[in-house]
Amino acid sequence: RRFWGWLNAVFNKVDYERIQAVGPDRAASEWLLRCGALVRYQGYQKWQQDYNGLPTGPLGKYKIEAINATDSCIMYRGFDYLDGLEHVTEIKLQKCIYIQDECLQRLSQTKNLQKSLLQLKIISCGNVTDKGVIALHKLTNLEYLYLSDLPGIREKETTCRILQRALPNLELELDLE
């Protein structure tokens, strides 16, 4: 168990030289796929899931539009990869054991995501609490937020009220006990 935690931390280590060399979208794609997530590029329907099948071509040709991190090992340590992404409109975090409040705070502080992110789904991430969800209020263009199976959410009504007040255009869908 300890070995997997160490290995996942290695997978999440940010390589700033790599970001410089290949651009933010390619570097983020490599990180996400290495951690078991999927990416979808702007103008494409198919999800990219094979690290070895990453598309080649001119730098900057493939822009990440969507991230599906279901069952992935992404963690806070790797979130610097998100900084340069300018076209991400949707993110799904499902069964991500390393996603906690600090990750959601970091996500909401990412300037490019504040502009581009429209849809966010957080499902079965046991370390997420009200504090992390409330932090999402900085995602000012967020149109849709789906929250499901989050046992750390204790003040559902208060949390929703705070979010709705901060983001009046947000469609908030809850499946919480």
Side-chain angles (χ1 to χ4, degrees), residues 7-123 125 127-128 131-146 166-167 169-170:
L7 186 62
N8 291 334
V10 169
F11 283 164
N12 279 277
K13 187 175 186 308
V14 179
D15 184 346
Y16 298 99
E17 290 177 10
R18 184 73 180 153
I19 295 171
Q20 285 294 315
V22 299
D25 288 274
R26 174 66 188 217
S29 295
E30 292 172 357
W31 164 60
L32 289 161
L33 294 178
R34 213 174 26 243
C35 291
L38 310 176
V39 296
R40 193 179 70 232
Y41 298 108
Q42 216 174 26
Y44 294 85
Q45 294 301 311
K46 195 168 116 343
W47 287 90
Q48 181 66 44
Q49 57 188 11
D50 179 14
Y51 182 90
N52 294 316
L54 271 169
T56 55
L59 284 186
K61 179 181 179 189
Y62 296 93
K63 303 288 186 191
I64 297 176
E65 181 177 62
I67 297 168
N68 181 343
T70 301
D71 286 319
S72 73
C73 70
I74 64 168
M75 60 178 66
Y76 182 87
R77 183 177 189 184
F79 273 46
D80 283 5
Y81 279 111
L82 300 174
D83 287 339
L85 304 181
E86 298 177 358
H87 305 279
V88 177
T89 58
E90 58 184 271
I91 295 177
K92 181 179 183 182
L93 303 170
Q94 182 171 358
K95 297 182 190 170
C96 301
I97 62 172
Y98 298 110
I99 294 295
Q100 75 264 23
D101 293 342
E102 293 76 18
C103 297
L104 299 184
Q105 289 166 336
R106 176 70 172 83
L107 200 69
S108 69
Q109 291 166 352
T110 304
K111 294 288 183 221
N112 285 326
L113 292 179
Q114 288 174 351
K115 293 177 199 151
S116 70
L117 193 62
L118 302 176
Q119 290 185 32
L120 178 60
K121 296 177 182 174
I122 306 170
I123 304 160
C125 295
N127 296 316
V128 169
K131 181 183 171 189
V133 172
I134 289 170
L136 299 173
H137 78 275
K138 291 183 179 171
L139 296 170
T140 51
N141 286 323
L142 197 62
E143 296 173 352
Y144 178 77
L145 176 62
Y146 178 73
L167 304 169
N169 297 325
L170 179 68

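Sequence positions, counted from 1, serve as the residue numbers for this chain.
Two residues are said to be in side-chain contact when any heavy atoms from C-beta on lie closer than 4.5 Å; Val88 and Leu82 fail this criterion. Between Leu142 and Leu118, the closest side-chain pair of non-hydrogen atoms is not below 4.5 Å. In this structure the side chain of Arg106 reaches within 4.5 angstrom of the side chain of Asp80, judged on heavy atoms.
Every side chain to side chain contact (heavy atoms under 4.5 Å, CB included) that Tyr44 has, sequence neighbours left out, goes to Tyr41, Lys61, Tyr62.
The heavy-atom pair separating Arg40 from Glu90 by the smallest distance is NH2-OE2, 3.4 Å. Scanning all heavy atoms of the two residues, the minimum distance from Ser72 to Gly36 falls at CB-C, 3.8 Å. Asn141 and Gln114 make their closest contact through ND2-O, 3.5 Å (heavy atoms, listed as atom of the first residue, atom of the second, distance). Ala69 and Leu93 get closest at one heavy-atom pair: CB-CD2, 3.9 Å. Considering every non-hydrogen atom in both Ala66 and Trp47, the closest pair reads CB-CH2, 3.5 Å. The shortest non-hydrogen separation linking Phe11 to Cys73 is CD1-SG, 4.1 Å.
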Query raised in the report: Run the side-chain contact (heavy atoms from CB on, under 4.5 Å) check on Lys46 and Leu38 step by step: do they pass?
Result: CA-CA 10 Å; Lys46 195 168 116 343; Leu38 310 176; over 6 Å; no

**Report entry** Audit row: Leu104, Ile122, side-chain contact (heavy atoms from CB on, under 4.5 Å) steps and yes/no
**Finding:** CA-CA 10 Å; Leu104 299 184; Ile122 306 170; 3.9 Å; yes

Report task. Please step through side-chain contact (heavy atoms from CB on, under 4.5 Å) for the pair Leu85 and Asp25, ending with a clear verdict. Result -> CA-CA 6 Å; Leu85 304 181; Asp25 288 274; 3.4 Å; yes

Query raised in the report: Given the rule in the side-chain contact (heavy atoms from CB on, under 4.5 Å) test, do Ile67 and Ile74 qualify, once you have shown the distances and angles that lead to the verdict?
Result: CA-CA 11 Å; Ile67 297 168; Ile74 64 168; 5.8 Å; no

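If you take OH on Tyr144 and NZ on Lys121, they are separated by 5.5 Å, rounding to the nearest 0.5 Å. Taking CG of Asp101 as the reference point, atom CG of Asn127 lies at 8.5 Å (rounded to 0.5 Å). Note that CD of Glu86 is 6.5 Å distant from NZ of Lys63, once rounded to the nearest 0.5 Å. The CH2 atom of Trp31 sits 14.5 Å away from atom NZ of Lys13, with the distance rounded to the nearest 0.5 Å. Gln48 CD to Ile64 CD1: the interatomic distance, rounded to the nearest 0.5 Å, is 10.0 Å. Taken from CG in Leu167 to CG in Leu139, the straight-line distance is 7.5 Å, to the nearest 0.5 Å.
No donor-acceptor distance shorter than 3.5 angstrom exists from the side chain of Asn12 to the backbone of Tyr76, with no hydrogens or angles considered. Proximity of a side-chain donor or acceptor of Tyr51 to a complementary backbone N or O of Ser29 within less than 3.5 Å is not detected. Using modelled atom types, no side-chain atom of Gln20 and backbone atom of Val22 make a donor-acceptor pair closer than 3.5 Å. A side-chain donor-acceptor contact under 3.5 Å links Ser108 to the backbone of Ala135.
The number of heavy atoms from other shown groups lying within 6.0 Å of CD (Gln42) is above 12.
Under 4.0 Å is where a charged nitrogen must lie from a carboxylate oxygen, and between Arg26 and Glu30 at least one such pair does.
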